[in-house]
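Atoms considered below: every heavy atom in the structure, side chains included; atoms not considered: hydrogens, waters and symmetry mates. Only a predicted model underlies this, so the values are computations on that prediction, with no experimental measurement involved.
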Amino acid sequence: MLYRKLPHSSLEVSKIALGTMTFGEQNSQAEAFSQLDYALERGVNFIDTAEMYPVPPKPDTQGSTESIIGNWLEKSGKREKVVLATKVAGPRNVPYIRENMSLDRRNVHLAIDDSLKRLKTDYIDLYQVHWPQRQTNTFGQLNYPYSDEQYEVTLIETLEALAELIKAGKIRYIGVSNETPWGVMSLLKLAEKHELPRIVSIQNPYNLLNRSFEVGLSEISHYEGVELLAYSPLAFGCLSGKYLDGQRPEGARCTLFERFVRYFTPQGEAATQAYVDLAHKHNLDPAQMALAFVNQRPFVASNIIGATTMEQLKANIDSISVNLSDDLLSEIQAIGTTYSNPCP
């Protein structure tokens, strides 16, 4: 396993992180425990979750992912061996979590206390804002949606609430997720101006079908040291090729949940076919090639994989040993130029 120290922090995270959003939906607690045990055996020390999980989000399962991880931490006694990250949900179609989902002081404090209770721990290593308060181009939107809507909760109010949690010892560091270049730079400026905590990471989607992070955020990562925790590196599993030609394998996420259509555009499917063909040309597993591409990006601190079977988990972690040559990377770039961000 490879490890990377997040700039402006003392956190050293494994290049491969274990995503957990299937725990409590597609994976039982017993299966989740097996995944956690195996991942740690392979050197994975970074576990990522969220108060909203599992996905797809539902009122009757919300929080069960954190509870499963908490049960594992209690049983294994390995809390000090992992970097634990979770997220506070923002105001978007999840009012069952709390009555008011604004990212204000009240909600941030309620969220962390509930997460700590479920996770059975006294502190979170990395606490992330799951998505912004404002409407912006996230979750499949490439272009910014202009709106005159005003928001009462400001970035500084959220930042001040997170600062209180750090002072209370409930969290160590903070990060953002599904954020934009404007949001990241605004938070960095506010932190410097008001002597508030600095965000140390950004968790956004990044994969061969969605390289929009490279347009503006990668430069910020380079110069400001806010590195990427890449989620959805296999584009909901599409980059494995298992959904090509209309295939819907039994038990697969996009078979079970029709809401996951983000990576099934005509351009996206054409690009996926091209990447799968390229992997086969080089005698590589398509999923491992896609993951290795993410692993090798200079702005990626950790690649958050997810799996529903142990076979998938083992193959995904094994991608750490796959090295893509310069020639292969050039061929990947050629496909990326032909199909530019088909599935943002």
S.K.: Search all heavy atoms of Ala271 against all heavy atoms of Ile335 and return the closest pair with its distance.
M.R.: O-CG2, 4.4 Å
S.K.: For the residue pair Tyr263 and Asn207, confirm or rule out a side-chain donor-acceptor distance under 3.5 Å.
M.R.: yes
S.K.: Got more than 12 heavy atoms from elsewhere within 6.0 Å of CD, Gln247?
M.R.: yes
S.K.: Looking at Gln296 and Val322, what are the two nearest heavy atoms and their distance?
M.R.: OE1-O, 3.7 Å
S.K.: Using modelled atom types only, decide if a donor and an acceptor are shared between the side chain of Asn45 and the backbone of Lys81 within a distance under 3.5 Å.
M.R.: no
S.K.: Before accepting this row, confirm whether a basic side-chain N of the pair Arg211/Glu214 lies closer than 4.0 Å to the acidic partner's carboxylate O.
M.R.: yes
S.K.: Do Ser212 and Asn341 get their side chains close enough for a donor-acceptor pair, meaning under 3.5 Å?
M.R.: no
S.K.: How many angstroms lie between atom CG of Leu234 and atom CG of Leu209, to the nearest 0.5 angstrom?
M.R.: 10.0 Å
S.K.: Could you measure the distance from the CD1 atom of Ile69 to the OG1 atom of Thr49? Nearest 0.5 Å is fine.
M.R.: 4.0 Å
S.K.: Side chains of Thr154 and Arg134: any donor to acceptor distance under 3.5 Å?
M.R.: no
S.K.: Closer than 4.0 angstrom, basic N to acidic O: yes or no for Glu66 and Lys117?
M.R.: no
S.K.: Report yes or no: is the cationic atom of Lys314 (NZ for Lys, CZ for Arg) under 6.0 Å from the centre of the six-membered ring of Tyr38, at an angle within 45° of the ring normal?
M.R.: yes
S.K.: Is any NZ, NE, NH1 or NH2 atom of the basic residue among Arg105 and Glu157 found under 4.0 Å from an Asp or Glu carboxylate oxygen of the other?
M.R.: no
S.K.: As an exercise, state the distance from CE of Met185 to OH of Tyr223, rounded to the nearest 0.5 Å.
M.R.: 12.5 Å
S.K.: Would Arg297 count as a cation-pi partner of Phe293, with NZ or CZ less than 6.0 Å from the six-membered ring centre and within 45° of the ring normal?
M.R.: yes
S.K.: Parallel under 30°, tilted from 30 to 60°, perpendicular over 60°: which one fits the rings of Tyr53 and His130?
M.R.: perpendicular
S.K.: Between Asn316 and Gln312, do the side chains contain an N or O donor and an N or O acceptor separated by less than 3.5 Å?
M.R.: no
S.K.: Return yes if a side-chain donor-acceptor contact under 3.5 Å exists between Gln29 and Asn71, otherwise no.
M.R.: yes
S.K.: Return the minimal non-hydrogen interatomic distance between Asn204 and Ser177, and the atom names on each side.
M.R.: OD1-C, 3.7 Å
S.K.: Answer yes or no: is there an ion pair linking Lys58 with Glu25, defined by an N-O contact shorter than 4.0 Å?
M.R.: yes
S.K.: So, do Tyr173 and Tyr127 have ring centers that fall under 6.0 Å from each other?
M.R.: no
S.K.: Working to the nearest 0.5 Å, report the span between OG of Ser28 and CZ of Phe33.
M.R.: 9.5 Å
S.K.: Would you kindly say whether Asn303 and Asn295 are connected by a side-chain donor-acceptor distance under 3.5 Å?
M.R.: yes
S.K.: Are the charged groups of Lys5 and Glu12 less than 4.0 angstrom apart, N to O?
M.R.: no
S.K.: Identify whether the distance between the nearest side-chain nitrogen and carboxylate oxygen of Asp48 and Lys87 falls below 4.0 Å.
M.R.: yes
S.K.: To the nearest 0.5 Å, what is the distance between CG (Leu73) and CD (Glu80)?
M.R.: 10.0 Å
S.K.: Please confirm whether the ring centroid of Phe213 lies under 6.0 Å from the ring centroid of Phe299.
M.R.: yes
S.K.: Report yes or no: do Asp104 and Ser102 form a side-chain donor-acceptor pair below 3.5 Å?
M.R.: no
S.K.: State plainly whether the residues Asp113 and Arg118 are in salt-bridge range, i.e. N to O under 4.0 Å.
M.R.: no
S.K.: Inspect the surroundings of CG in Asp326 and state if more than 12 heavy atoms from other residues, nucleotides or ligands are less than 6.0 Å away.
M.R.: no
S.K.: If only side-chain N and O atoms count, and only distance matters, is there a donor-acceptor pair under 3.5 Å linking Thr22 with Arg253?
M.R.: no
S.K.: Are side-chain N/O atoms of Ser115 and Glu51 paired as donor and acceptor at under 3.5 Å?
M.R.: no
S.K.: From Ile332 CD1 over to Thr337 OG1, what is the distance, rounded to the nearest 0.5 angstrom?
M.R.: 12.0 Å
